[in-house]
Amino acid sequence: MESKTNISFRKETLTKLLNEVILHENEIMEALYFDFKKPAFESVLTETSYVISELKDTIKNLNKWAKPRRVFPSLLNFPSKDYIFKEPYGKILIISPWNYPFQLALCPLISAFAAGNQVVLKPSELTPKTSEIIEKIISKVFIKKDVNVIEGGIEVSQQLLSERWDYIFFTGSVSVGKIVAKAAAENLTPVTLELGGKNPCVIDETANLKLAAKRIVWGKFMNAGQTCIAPDYILVQKNMKSHFVDYLKEEITKAYGENPSISPDFARIINTKNCQRLISLIDSEKVIFGGQTDIKNCYIAPTLIEETSIETEVMKDEIFGPILPILTYEKEIEIDAIISKYEKPLAFYIFSENRIFSKHMIQKYSFGGGCVNDTMVHFSNKRLPFGGVGHSGIGAYHGILSFDTFSHKKSILIKSNLLDLPFRYAPYKDKLATIKKILNWL
Ligand code: NAD
């Protein structure tokens, strides 16, 4: 589909969107607080400022990203000029989740529009205030034909999926990802699926335990653990466990105080259904820290669990909440026995001062992305592709990759008429040996 919009119109519109987001930043933060008490600091760090930076980056680079790219030609076609043209797919459906409801809706929307597509966004029904402000901002900036927000739950989502799209971008759970993939297959619609998984965090005997604990507590308990790339469980070298657990306790208390339920920096679980699901994962006999819950207020304290088996409820699926199981290993074979039981995760974290061990882990396991000696921060570099592999997702985005995700790459070879080497044309008689030599040489 040819783009109905030119680059300067897209840039002007994205600039309007940037101004509206800045203008409504406080309202967005209030909506996020209303929906699940997301702390203001986290709202700025992971939602509004992220979107603002994505907008600035896109506006700045749009001309460059959209330009046809000339590539080195093949000598076989001499003389020619070869290009990659980027064309918009056409109509894009974006379905987004509730856990980072502003950022995960807006970022793909920005790139899809920037690439010249028409967009329909279905935000999450579980964060109604945030969806409302998204709708308000979008309808101020765009005409519905270019970008439209359709609010609603599962039925609305399924109705949209039954229509024909040129691309579907879905962020959410693995089970719904499969529903989306099936619906997309009906029309061979390309998809990006940004899903989840059980993200391991391996800590070896050389790790800086105190710093590891601090960075893990930050990554695990931000957004009350409801982050697709949060560490899901710990695998710590047996001899290190006791010290490491002490540091974890210390860091949790430093971050959220003696009673995290009154900390302004600790979010709530999205709803009572999810709170109930999480409470059922806590085996009180294994709790070594936290464990307090208040279902009426959707509160679960940062909780550490001593785990010895992967056959338990908490070790079955992605936890997606502030519960951190700690398992130990003595030999590498035990790490492998655990990690290889699960589907490929979205994220993987290694805490070690031993570069050989870290490199070995990176090369041995397949996962979306991750960090050595930190958690989650790989997300923040726009030059790193963000996405899963296997059950944790299909495709990746961020930075120029987001623009490319929503663009079909069309190959064009412009042949010169000045020269027409006769060699490739039939009759081929007597040319076989020569063509072999030429192809071999090329
Ligand atoms: P979800 O899959 O329940 O919902 C996501 C979206 O799909 C929502 O808009 C919802 O309305 C819609 N939906 C729900 N059920 C549907 C159905 N049966 N048919 C059609 N549409 C349906 O996910 P969630 O609970 O909102 O988010 C949590 C999950 O998302 C976690 O698994 C997390 O790991 C994952 N996630 C992944 C990323 C990523 O970037 N990879 C980011 C955030 C969250």
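Every number for a ligand or one of its atoms is a count from 1 in the order of the listing. Here, residue 1 is the first one in the sequence, and each next residue gets the next number.
- In this structure, Ser96 counts as a contact residue of ligand 1, since one of its heavy atoms falls inside 4.0 Å of the ligand.
- Looking at atom 35 (C) of ligand 1, its nearest protein heavy atom turns out to be Gly172 O, 3.1 Å.
- Of the protein's non-hydrogen atoms, Ile154 CG2, 3.5 Å is the one closest to atom 17 (C) of ligand 1.
- Remark: aromatic rings of Trp218 and Tyr349 are distant, center separation not under 6.0 Å.
- Nearest protein neighbour of atom 36 (N) of ligand 1, counting heavy atoms only, is Cys228 CB, 3.5 Å.
- Ring geometry for Tyr50 versus Phe379: interplanar angle of 30 to 60°, hence tilted.
- Counting heavy atoms closer than 4.0 Å to ligand 1, residue Leu104 contributes side-chain atoms (C-beta onward) but none from N, CA, C or O.
- Regarding atom 2 (O) of ligand 1, its nearest protein heavy-atom neighbour is Ser173 OG, 2.6 Å.
- Residue Phe386 places a heavy atom less than 4.0 Å from ligand 1.
- Which parts of ligand 1 touch Ile179 is read off a 4.0 Å heavy-atom cut-off, strictly below it: atoms 18 (N).
- Of all protein heavy atoms, the one closest to atom 12 (C) of ligand 1 is Ser157 OG, 3.9 Å.
- Taking the side chain as every heavy atom from C-beta outward, Phe357 and Thr206 never approach each other to under 4.5 Å.
- Relative ring orientation between Tyr233 and Tyr342 is described as tilted, the plane-to-plane angle lying within the 30° to 60° band.
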Step-by-step side chain to side chain donor-acceptor pair (under 3.5 Å) determination, Glu25 to Thr48: CA-CA 7 Å; Glu25 188 170 19; Thr48 54; 2.7 Å; yes
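- Ring geometry for Tyr167 versus Tyr89: interplanar angle of 30 to 60°, hence tilted.
- Here the heavy atom of the protein found nearest to atom 25 (O) of ligand 1 is Trp98 NE1, 2.8 Å.
- The protein atom (non-hydrogen) at minimum distance from atom 32 (O) of ligand 1 is Glu318 OE1, 2.7 Å.
- Under a 4.0 Å criterion applied to the non-hydrogen atoms of Leu346, ligand 1 contributes the atoms 41 (N).
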Test ring pair (Phe, Tyr, Trp, His ring centres under 6.0 Å) applied to Phe406 and Tyr397, step by step: CA-CA 10 Å; Phe406 294 109; Tyr397 72 131; 8.0 Å; no
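- The shortest side-chain heavy-atom distance between Ile326 and Leu304 falls under the 4.5 Å cut-off.
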Derivation and outcome, side chain to side chain donor-acceptor pair (under 3.5 Å), residues Lys37 and Asn297: CA-CA 10 Å; Lys37 292 203 167 38; Asn297 291 306; over 6 Å; no
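- Taking the six-membered ring for Trp and thresholds of 30 and 60 degrees, Phe348 and Tyr365 have nearly parallel ring planes, at less than 30 degrees apart.
- The proximity of Thr227 to ligand 1, defined as any non-hydrogen pair under 4.0 Å, does not occur for either the backbone or the side chain.
- Taking every non-hydrogen atom of Gly196 and a distance limit under 4.0 Å, the qualifying atoms of ligand 1 come out as 34 (O).
- Ligand-side atoms of ligand 1 in range of Gln158: 17 (C), 18 (N), 19 (N), 20 (C), range being under 4.0 angstrom from any heavy atom.
- Taking the six-membered ring where the residue is Trp, Phe386 and His398 present parallel rings, their angle staying beneath 30° rather than reaching 60°.
- Ligand-side atoms of ligand 1 in range of Phe320: 28 (C), 31 (C), 33 (C), 34 (O), range being under 4.0 angstrom from any heavy atom.
- For Ile262, the side chain to side chain contact (heavy atoms under 4.5 Å, CB included) partners are Asn259, not counting sequence neighbours.
- Set against the non-hydrogen atoms of Lys122, the atoms of ligand 1 under 4.0 Å away are 8 (C), 9 (O), 10 (C), 11 (O).
- Residues Ile179 and Lys182 form no side-chain contact, since every pair of their non-hydrogen atoms from C-beta on lies 4.5 Å or further apart.
- At a heavy-atom cutoff of 4.0 Å, ligand 1 is contacted by the side chain of Asn99 but not by its backbone.
- Scanning the protein for heavy atoms near atom 41 (N) of ligand 1, the closest one is Leu195 O, 2.6 Å.
- Considering Val180, Leu160, Thr171, Val176 only, the shortest heavy-atom separation from atom 22 (C) of ligand 1 involves Val176.
- Side-chain contact between Lys341 and Met315 is absent, with no heavy atoms from C-beta onward closer than 4.5 Å.
- Heavy atoms of Ser175 found under 4.0 angstrom from ligand 1: none, in either backbone or side chain.
- For atom 4 (O) of ligand 1, the nearest protein heavy atom lies 4.0 Å or farther away.
- The proximity of Glu125 to ligand 1, defined as any non-hydrogen pair under 4.0 Å, is limited to the side chain.
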